[in-house]
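Report on the following structure.
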2 protein chains.
Amino acid sequence: MDERQVITAFGSLAQETRLRVLRLLVQAGPEGMAAGAIAEEIGVSPSNISFHLSHLERAGLVEARREARSIIYSAGYSALRDLIRFLMEDCCAGDPRVVAPECCPPTIVCS
Amino acid sequence: MDERQVITAFGSLAQETRLRVLRLLVQAGPEGMAAGAIAEEIGVSPSNISFHLSHLERAGLVEARREARSIIYSAGYSALRDLIRFLMEDCCAGDPRVVAPECCPPTIVCS
DNA sequence: TCCATATTTCAATAATCCTTGAATTATTGA
DNA sequence: TCAATAATTCAAGGATTATTGAAATATGGA
């Protein structure tokens, strides 16, 4: 993941609708949700959700698959992982002497 | 950390100069760096680095302290932690049955 | 106090991004 | 094939944001 992709990804997350969509999909899990269901849940128009889902997809933060008439979106967990890695890379110059609890991102697990 | 703060924080990271500054400061560790040194390292004007450092500070992503004539900036590690937590909160609906490696952010430590 | 250093603030321009509704495409079932 | 559903694309607007250089503020040393 290069700098340009990371900037696009953070740009995606810096917007109310998209941030809500991504959290919704993170919570929904790998099964994902249809575009229409997302739009209804978030409370925006079809055209608007499409715009924001495209943005998130270009950033790699969500994945899309067709299922009958619907398009199902799910969170791009690996991109989220890469994003965090990019930010914290070589934290504290990798020097064990300055490693402190405040330097480290949390360990988060899904349960 | 509420939604508005999170959006401001991601907005901060969605810009080349600020992203580079934050990574530089994450790597520099808690000691931090003077504004002028950051500007020189990144290659931007004093006025420009000041604009971006203010943005990062408003977002809570960096902290500032005065030391003689310089103002020293350091990474706001706790805000970074909160950001990740906000994104991954209630991942996969907290259902252990759907927990999979792809749902979890990485465990990153500083060395 | 006076000067040099370090950084911030300000105003103006340029660029980017979000929203809206209408039109378009793709899929399914009658 | 025709109609209905699901989603995307397009163009125009209004709003937000980045960049620049000049002026202003704050600090430390002579």
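In what follows, chains carry the letters A, B, and so on, assigned in the order in which the sequence lines appear, proteins first and then strands, with residues in each chain numbered from 1.
What separates CZ of A:Arg66 from P of C:dT28 is a distance of 7 Å, to the nearest Å. With rounding to whole Å, B:Glu16 atom CD is found 15 Å from D:dT17 atom C1'. Note: CZ (B:Phe10) to C1' (C:dC17) measures 19 Å, nearest angstrom. Taking atom CD1 of B:Ile71 as the reference point, atom P of D:dG28 lies 11 Å away to the nearest angstrom. Computed from coordinates, the A:Leu53 CG to D:dT8 P distance equals 6 Å when rounded to whole Å. Between the CG atom of B:Asn48 and the P atom of D:dT17 there is a distance of 16 Å, given to the nearest Å. Between the CD atom of A:Glu57 and the C1' atom of D:dT8 there is a distance of 12 Å, rounded to whole Å. One interatomic measurement links the two molecules: CD1 of B:Ile49 to C1' of D:dT20, which rounds to 15 Å at whole-angstrom precision.
The side chain of A:Pro46 has D:dT8 as its nearest neighbour among C:dT8, D:dT27, D:dT8. Side chain of B:Arg69, nearest nucleotide from C:dT8, C:dT5, D:dT8: C:dT5. The nucleotide whose nearest atom lies closest to any side-chain atom of B:Ser54 is, among D:dA6, D:dT8, C:dT9, C:dT9. Side-chain proximity of A:Ala68 to the nucleotides C:dT28, C:dT20, D:dT20 is greatest for C:dT28. Side chain of B:His55, nearest nucleotide from D:dA7, D:dT27, D:dA18: D:dA18.
Pair check for C:dG29 finds D:dC2; Watson-Crick or G-U wobble, both atom distances under 3.5 Å.
When the side-chain nitrogen and oxygen atoms of A:Tyr73 are compared with OP1 and OP2 of D:dA6, none of them lie within a distance under 4.0 Å. Within the 4.0 Å cut-off from OP1 or OP2 of C:dT16, not a single side-chain nitrogen or oxygen of A:Gln15 is found. Checking the phosphate oxygens (OP1, OP2) of C:dT9, no side-chain nitrogen or oxygen of B:Ser47 falls inside 4.0 Å. For D:dT19, one of the phosphate oxygens OP1 or OP2 lies less than 4.0 angstrom from a side-chain nitrogen or oxygen of B:His52. Distances shorter than 4.0 Å separate some side-chain N or O of B:Arg18 from OP1 or OP2 on D:dA18.
With the nearest nucleotide of DNA chain D identified for both B:Glu67 and A:Ser50, A:Ser50 has the one nearer the 5' end.
Contact of the A:Met88 side chain with the B:Leu80 side chain is registered, since non-hydrogen atoms from C-beta on lie closer than 4.5 Å.
Between A:Phe86 and A:Val6, the shortest heavy-atom contact is CG-CG2, 3.6 Å. Taking each heavy atom of B:Gly29 and A:Cys92 in turn, the nearest pair found is CA-SG, 3.9 Å.
At a threshold of 4.0 angstrom between heavy atoms, the contacts of A:Ala34 are confined to the sugar-phosphate backbone, with no base atom among them.
A salt bridge does not link A:Glu89 to A:Arg85: none of the charged nitrogens lies less than 4.0 Å from a carboxylate oxygen. By the 4.0 Å N-to-carboxylate-O rule, A:Glu67 lies close enough to A:Arg65 to be salt-bridged with it. Looking at B:Glu16 and A:Arg4, a side-chain N of the basic residue comes within less than 4.0 Å of a carboxylate O on the acidic one, giving a salt bridge.
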